[in-house]
Amino acid sequence: MKRTLIIALAAILTLCAVLTSCSGTKTDISTAKSLSDLTGTKIAAQAGTFHADALTQIKDVKSSTYPEFADLLTALKSGAIDGYIAEEPTALAVCLGDSTLDYIHLVNNSTGFTATDADTGIAIGLKKGSALTAQINSVLAEITTEQRQALMEQMVKLSNGQKIDELAIKSETPAETTGTLKVAMECAYEPFNWTDLNTASFGAVAIYGEGGAVKEGQFANGYDVQIAQYVANKLGLKLEIYAIGWDSLIPAVQSGTVDAIVAGMSPTADRAKEIDFTNVYYSSNLVVIYKK
């Protein structure tokens with residue numbers, strides 16, 4: 001009886017997905033040059049991010065949000081949406097791995113979204129009053145703009161299975177550590193952070209779980225991971241990465257469960273009311289990914 005019910009529910013869900021993808025006509029947005037060209041289209045974003053706020057800047061948009069970034073890609077491929085908002089590095093990684101996808105090249109505050117540096121930059125989040133803020137800022141100041149860009153290009157390639165020989169930023173692992181730097185991220189947002197299963201890609205580090213135990217066969221990699229590793233090494237600390245859902249990142253650092261958030265998070269004014277942020281360690285334009 002239970003098995004029959006499960007099969008029936010699966011059939012209903014499949015039918016609903018088909019009807020959703022087939023309802024309405026998909027709009028070709030490949031020729032869009034500015035936000036005004038996206039009027040009336042179906043554009044989505046990840047819930048709880050500045051991307052979702054940016055949706056309101058598109059006139060008469062048929063907007064929707066999804067809890068996970070991977071859900072946006074699924075919706076796009078099914079035809080449920082015409083496109084979704086992302087940072088340009090994410091678009092580069094997604095499109096490099098799938099030739100059926102491309103993205104609209106917009107420029108913030110010109111042809112694209114109205115955004116401040118805080119909106120489109122990413123910074124490390126810390127508990128209010130943390131002494132780590134100043135220490136990490138000193139480390140970040142050592143990384144040049146050229147190194148940051150080169151590292152991002154490497155992570156785009158690495159997230160698509162391409163090989164690299166060495167990282168654009170390097171720091172020696174301390175022979176002895178004076179403590180631990182517990183860092184939280186989703187581990188599900190390429191090329192900023194992702195999860196390797198069973199086989200670790202170049203530069204990947206272990207993911208930790210409850211009780212501080214390593215999760216067997218799970219490794220984190222990406223731009224955020226390499227920045228976190230660089231900072232930890234420079235501060236003489238052991239790095240521990242924890243995979244935490246987006247909505248739980250800020251509560252985790254507020255409670256002291258982790259020391260820092262290194263997760264492609266923008267230091268927006270609203271978030272700055274809840275936690276402290278370091279200086280920005282990467283900035284990019286917002287774009288819209290679409291299916292060709």
Side-chain angles (χ1 to χ4, degrees), residues 16-116 119-122 152-153 155-157 159-160 186 188-194 222-223 246-247 263-266 268 282-292:
C16 288
V18 171
L19 290 174
T20 299
S21 63
C22 295
S23 60
T25 303
K26 182 180 182 299
T27 304
D28 180 12
I29 63 173
S30 61
T31 59
K33 301 298 181 184
S34 66
L35 289 192
S36 60
D37 295 329
L38 298 174
T39 296
T41 59
K42 295 178 290 185
I43 307 297
Q46 185 181 15
T49 67
F50 171 68
H51 302 169
D53 296 335
L55 270 174
T56 62
Q57 297 182 31
I58 306 174
K59 186 177 180 181
D60 297 325
V61 67
K62 299 173 184 177
S63 64
S64 57
T65 58
Y66 291 78
E68 301 294 338
F69 210 78
D71 297 334
L72 293 168
L73 186 57
T74 300
L76 179 63
K77 290 184 175 181
S78 74
I81 57 175
D82 298 317
Y84 66 89
I85 300 173
E87 279 95 359
E88 193 163 15
T90 303
L92 288 169
V94 169
C95 296
L96 182 61
D98 189 336
S99 60
T100 69
L101 304 177
D102 203 347
Y103 68 96
I104 303 170
H105 299 251
L106 304 173
V107 179
N108 296 338
N109 305 310
S110 177
T111 59
F113 299 94
T114 300
T116 65
D119 291 330
T120 56
I122 58 174
M152 183 58 79
E153 291 172 2
M155 293 302 105
V156 168
K157 292 178 180 178
S159 68
N160 279 280
E186 290 179 286
Y189 185 46
E190 301 174 357
F192 291 96
N193 53 78
W194 69 82
Y223 188 85
W246 181 262
D247 290 339
M265 181 174 282
S266 300
T268 61
Y282 194 83
S283 295
S284 69
N285 288 311
L286 292 180
V287 302
V288 176
I289 301 174
Y290 66 90
K291 187 176 180 181
K292 296 178 183 177

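In this text the structure is predicted, and so the values were computed from the model without any measurement.
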About how many Å separate [atom2] of [Y] and [atom1] of [X], when rounded to the nearest 0.5 Å?
{"X": "Leu73", "Y": "Glu68", "atom1": "CG", "atom2": "CD", "answer": "13.0 Å"}
{"X": "Thr39", "Y": "Ile29", "atom1": "OG1", "atom2": "CD1", "answer": "12.0 Å"}
{"X": "Leu96", "Y": "Glu190", "atom1": "CG", "atom2": "CD", "answer": "10.5 Å"}
{"X": "Thr100", "Y": "Lys291", "atom1": "OG1", "atom2": "NZ", "answer": "6.0 Å"}
{"X": "Phe50", "Y": "Phe113", "atom1": "CZ", "atom2": "CZ", "answer": "8.0 Å"}

Atom of [X], atom of [Y] and distance for their closest heavy-atom approach:
{"X": "Ser283", "Y": "Gly121", "result": "OG-CA, 3.7 Å"}
{"X": "Asn160", "Y": "Gly97", "result": "OD1-CA, 2.8 Å"}
{"X": "Lys42", "Y": "Gly79", "result": "NZ-O, 3.9 Å"}

Quick one, Asp82 with Leu38, criterion side-chain contact (heavy atoms from CB on, under 4.5 Å). Give me CA distance, side-chain angles, the key distance, then yes/no.
CA-CA 10 Å; Asp82 298 317; Leu38 298 174; over 6 Å; no
Heavy-atom distance under 4.5 Å between the side chains of [X] and [Y], does that happen here?
{"X": "His105", "Y": "Glu88", "result": "yes"}
{"X": "Ser266", "Y": "Asp119", "result": "no"}
{"X": "Thr41", "Y": "Val288", "result": "no"}
{"X": "Thr268", "Y": "Thr116", "result": "no"}
{"X": "Ile122", "Y": "Met265", "result": "no"}

ring-ring contact (aromatic ring centres under 6.0 Å, His included) pairs, two or more places apart, involving residues 76-100:
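As it turns out, the ring-ring contact (aromatic ring centres under 6.0 Å, His included) pairs with a partner in residues 76-100, which skip direct neighbours, are Phe69-Tyr84.
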For [Y], is there any backbone N or O sitting under 3.5 Å from a side-chain donor or acceptor partner on [X]?
{"X": "Asn109", "Y": "Ala115", "result": "yes"}
{"X": "Asn108", "Y": "Leu286", "result": "yes"}
{"X": "Ser159", "Y": "Met155", "result": "yes"}
{"X": "Asn193", "Y": "Ala188", "result": "yes"}

Identified side-chain contact (heavy atoms from CB on, under 4.5 Å) counterpart of Leu35 within the set Thr111, Leu106, Ile104
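When side-chain contact (heavy atoms from CB on, under 4.5 Å) is applied between Leu35 and each of Thr111, Leu106, Ile104, only Leu106 qualifies.
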Applying the side-chain contact (heavy atoms from CB on, under 4.5 Å) test to Ile43, which of Ile81, Ile85, Thr27 qualifies?
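Of the listed options, the one satisfying the test is Ile85.
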Is there a side-chain contact (heavy atoms from CB on, under 4.5 Å) between Trp246 and Thr49? Walk through the geometry before answering.
CA-CA 9 Å; Trp246 181 262; Thr49 67; 3.9 Å; yes
Donor-acceptor pairs under 3.5 Å, side chain of residues 55-67 to any protein atom, not counting sequence neighbours: which ones?
unit_1	atom_1	unit_2	atom_2	d
Thr56	OG1	Asp53	O	2.6
Gln57	OE1	Thr114	N	2.7
Gln57	NE2	Thr114	O	3.0

My understanding is that only residues two or more places apart in sequence, or in another chain, count here; which of them pass side chain to side chain donor-acceptor pair (under 3.5 Å) with [X]?
{"X": "Ser36", "value": "Ser34"}
{"X": "Ser30", "value": "Asp28"}
{"X": "Glu87", "value": "His51, Tyr189"}
{"X": "Lys77", "value": "Asp98"}

Compute the centroid of each ring, for Tyr290 and then for Tyr103, and state whether the two points are separated by less than 6.0 Å.
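Tyr290 vs Tyr103: aromatic centres not under 6.0 Å.
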